[in-house]
Student: 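Have a look at this one.
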Amino acid sequence: MSSDAHAIWDAERYQARHSYVWQFGEAVIDLLDPHPGESIVDLGCGSGQLTAKIAERGARTIGIDPSDEMIAQARANFPSLDFRIADAASLTIEDPADALFSNAALHWVNDQAAAIASIWRALKPGGRFVAEFGGKGNIRRIIEAAGGANPWFFPGIGEYSALLERQGFEVRFATLFDRPTRIEGEHGMEEWLGMFGSALMRDPKSVAEKLRPEMYRDGGWVLDYRRIRILAIR
Ligand SMILES: C[S@@+](CC[C@H](N)C(=O)[O-])C[C@H]1O[C@@H](n2cnc3c(N)ncnc32)[C@H](O)[C@@H]1O
């Protein structure tokens, strides 16, 4: 992924057609288990829906995202919450937080070691890092249909835990699981490729046609998502 990956985000389209991203993310908030009064960073917060869910549980939140469009949308959606523009790899938080949460964002980050170092610095000792994103084997068939080049970081739990441990984190929970994800509509795959798959640099229509026999059923597309979910302690 190029370092200005965030430039591709169309916040309005994201909100209108891809709400499953944060709907699935609510389970990750349960793992985070936010408490009233805690300070919690939502890294790669997008249009802010999960930041707001965490704030509803009484935590003081800071939503961070490198995309101007996403942050503008998040501020418009939730004017009373704190949203800031920053990249995971160069994030600085003045007061270290009790927890850092991230849903569906970290596979976009180029420099994983730098991101893990900034997550470490953003946390108090004993602070929790709770994240879910694309894991090893995520959208394998889509990547194959687009020619095989994978611009994202989709690690296995051994690989990602090792990076976290190298930083000093204690990994308490890690899992990799299939999470088939349904996109409604005849043109769902092309829309998905337009929103998230432009990094594959292939014509969405021809990729969708290749995948149609295995992924299109009953008026929608079932994408071969696989997620890594992790809880680590600083
Ligand atoms: C699919 S959205 C998920 C948004 C939100 N977490 C949710 O669950 O709805 C992915 C987000 O990752 C952000 N992102 C991309 N590259 C990033 C980076 N280097 N650091 C932090 N966030 C990044 C994008 O700007 C985008 O808002």
Side-chain angles (χ1 to χ4, degrees), residues 1-32 34 40-56 61-78 81 83-93 97 99-122 129-135 138-139 142 151-155 163 179 181 183 191-199 223 225-230:
M1 206 55 231
S2 73
S3 58
D4 64 349
H6 53 277
I8 66 167
W9 294 95
D10 174 340
E12 231 171 274
R13 187 151 57 113
Y14 174 69
Q15 283 205 135
R17 292 285 295 150
H18 302 278
S19 58
Y20 59 86
V21 176
W22 64 81
Q23 283 158 9
F24 278 121
E26 291 191 29
V28 194
I29 297 185
D30 291 336
L31 182 63
L32 171 69
I40 300 187
V41 174
D42 180 5
L43 183 57
C45 64
S47 42
Q49 281 77 9
L50 292 177
T51 323
K53 289 270 170 213
I54 296 168
E56 269 172 28
T61 54
I62 305 175
I64 303 275
D65 202 286
S67 156
D68 301 354
E69 292 82 358
M70 286 295 204
I71 289 294
Q73 187 68 59
R75 287 178 178 148
N77 289 342
F78 308 104
L81 299 184
F83 291 104
R84 306 179 191 176
I85 296 171
D87 191 289
S90 54
L91 163 76
T92 47
I93 299 287
L100 185 143
F101 170 88
S102 183
N103 182 56
L106 291 174
H107 48 254
W108 295 97
V109 173
N110 276 330
D111 188 342
Q112 289 293 327
I116 289 169
S118 15
I119 292 167
W120 175 269
R121 283 193 308 270
F129 169 43
V130 175
E132 181 171 306
F133 56 99
N138 190 40
I139 57 166
I142 301 175
W152 295 284
F153 174 68
F154 296 147
L163 288 177
R179 201 205 60 202
T181 296
I183 318 274
E191 278 178 30
W192 184 92
L193 287 161
M195 182 83 222
F196 300 119
S198 51
L223 277 58
Y225 272 40
R226 185 179 279 178
R227 306 321 260 179
I228 182 169
R229 190 179 286 179
I230 201 118

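Counting convention: from 1, in listed order, for ligands and their atoms alike. Quantities reported herein were computed from a predicted structural model and do not represent experimental measurements. Computation of the quantities below employed the complete heavy-atom set of this structure, encompassing side-chain atoms and omitting hydrogens, waters and symmetry-equivalent molecules.
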Student: Is it true that M70 lies under 4.0 Å from ligand 1, counting heavy atoms only?
Tutor: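 Distance cut 4.0 Å: M70 passes for ligand 1.
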
Student: Going by the order shown, which atoms of ligand 1 are within less than 4.0 Å of some heavy atom of W22?
Tutor: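 That gives atoms 9 (O) of ligand 1.
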
Student: Look only at the side chain of N103 and the backbone of V21, and say whether a donor-acceptor pair between them is shorter than 3.5 Å.
Tutor: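 Side chain of N103 to backbone of V21, a donor-acceptor pair under 3.5 Å: yes, one is there.
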
Student: Heavy atoms only: which of D65, V109, D87 is nearest to atom 25 (O) of ligand 1?
Tutor: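 Minimum heavy-atom distance to atom 25 (O) of ligand 1 goes to D65.
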
Student: Quick one: which ligand 1 atoms are inside 4.0 Å of a heavy atom on A105?
Tutor: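 Reading through ligand 1 atom by atom, the close ones are 12 (O).
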
Student: Within the 4.0 Å heavy-atom shell around G46, which atoms of ligand 1 are there?
Tutor: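 Matching atoms, with element in brackets: 4 (C), 27 (O).
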
Student: Could you go through the side chain to side chain contact (heavy atoms under 4.5 Å, CB included) check for F101 and L43 one step at a time?
Tutor: CA-CA 6 Å; F101 170 88; L43 183 57; over 6 Å; no

Student: Are the side chain of Q112 and the backbone N or O of L106 linked by a donor-acceptor pair below 3.5 Å?
Tutor: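 Between the backbone of L106 and the side chain of Q112 there is a qualifying donor-acceptor contact (under 3.5 Å).
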
Student: Tell me whether E12 at atom CD has more than 12 heavy atoms from other residues, nucleotides or ligands lying less than 6.0 Å away.
Tutor: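 No, the 6.0 Å shell around CD holds no more than 12 heavy atoms from other groups.
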
Student: With atom 10 (C) of ligand 1 as the reference point, say which of A104, A89, G44, A88 has the nearest heavy atom.
Tutor: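 The nearest heavy atom belongs to A104.
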
Student: Report, in ascending order of atom number, the atoms of ligand 1 lying under 4.0 Å from any heavy atom of W108.
Tutor: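 Answer, ordered by atom number: 15 (C), 16 (N).
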
Student: Does R75 use its side chain to pair, donor to acceptor, with the backbone of F83 at less than 3.5 Å?
Tutor: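 Between the backbone of F83 and the side chain of R75 there is a qualifying donor-acceptor contact (under 3.5 Å).
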
Student: Quick one: look at C45 and ligand 1, take heavy-atom pairs under 4.0 Å, and tell me if it's side chain, backbone, both or neither.
Tutor: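 Contact part for C45 vs ligand 1: backbone (N, CA, C, O).
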
Student: Indicate yes or no for a side-chain donor-acceptor contact from D87 to the backbone of P66 under 3.5 Å, with no hydrogens or angles considered.
Tutor: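 No.
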
Student: Does Y14 reach ligand 1 with a nitrogen or oxygen that is under 3.5 Å from one of the ligand's nitrogen or oxygen atoms?
Tutor: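 Looking only at distances, the answer is yes, because the N/O contact criterion of under 3.5 Å is met.
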
Student: Please say whether N103 places an N or O atom under 3.5 Å from an N or O atom belonging to ligand 1.
Tutor: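 Between N103 and ligand 1 (N or O atoms, distance only) the closest approach is under 3.5 Å.
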
Student: Rounded at 0.5 Å granularity, tell me how far CH2 in W9 sits from CH2 in W108.
Tutor: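 Reported value, rounded in 0.5 Å steps: 4.5 Å.
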
Student: Enumerate the atoms of ligand 1 whose separation from the nearest heavy atom of L50 is less than 4.0 angstrom.
Tutor: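 The atoms of ligand 1 under 4.0 Å from a heavy atom of L50 are 8 (O).
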
Student: So is S67 polar-close to ligand 1, meaning N/O to N/O under 3.5 Å?
Tutor: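 Checking ligand 1 against S67, no N or O pair falls under 3.5 Å apart.
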
Student: Keeping the roles fixed (side chain from D65, backbone from I85), state whether a donor-acceptor pair exists under 3.5 Å.
Tutor: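 Side chain of D65 to backbone of I85, a donor-acceptor pair under 3.5 Å: no, none is there.
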
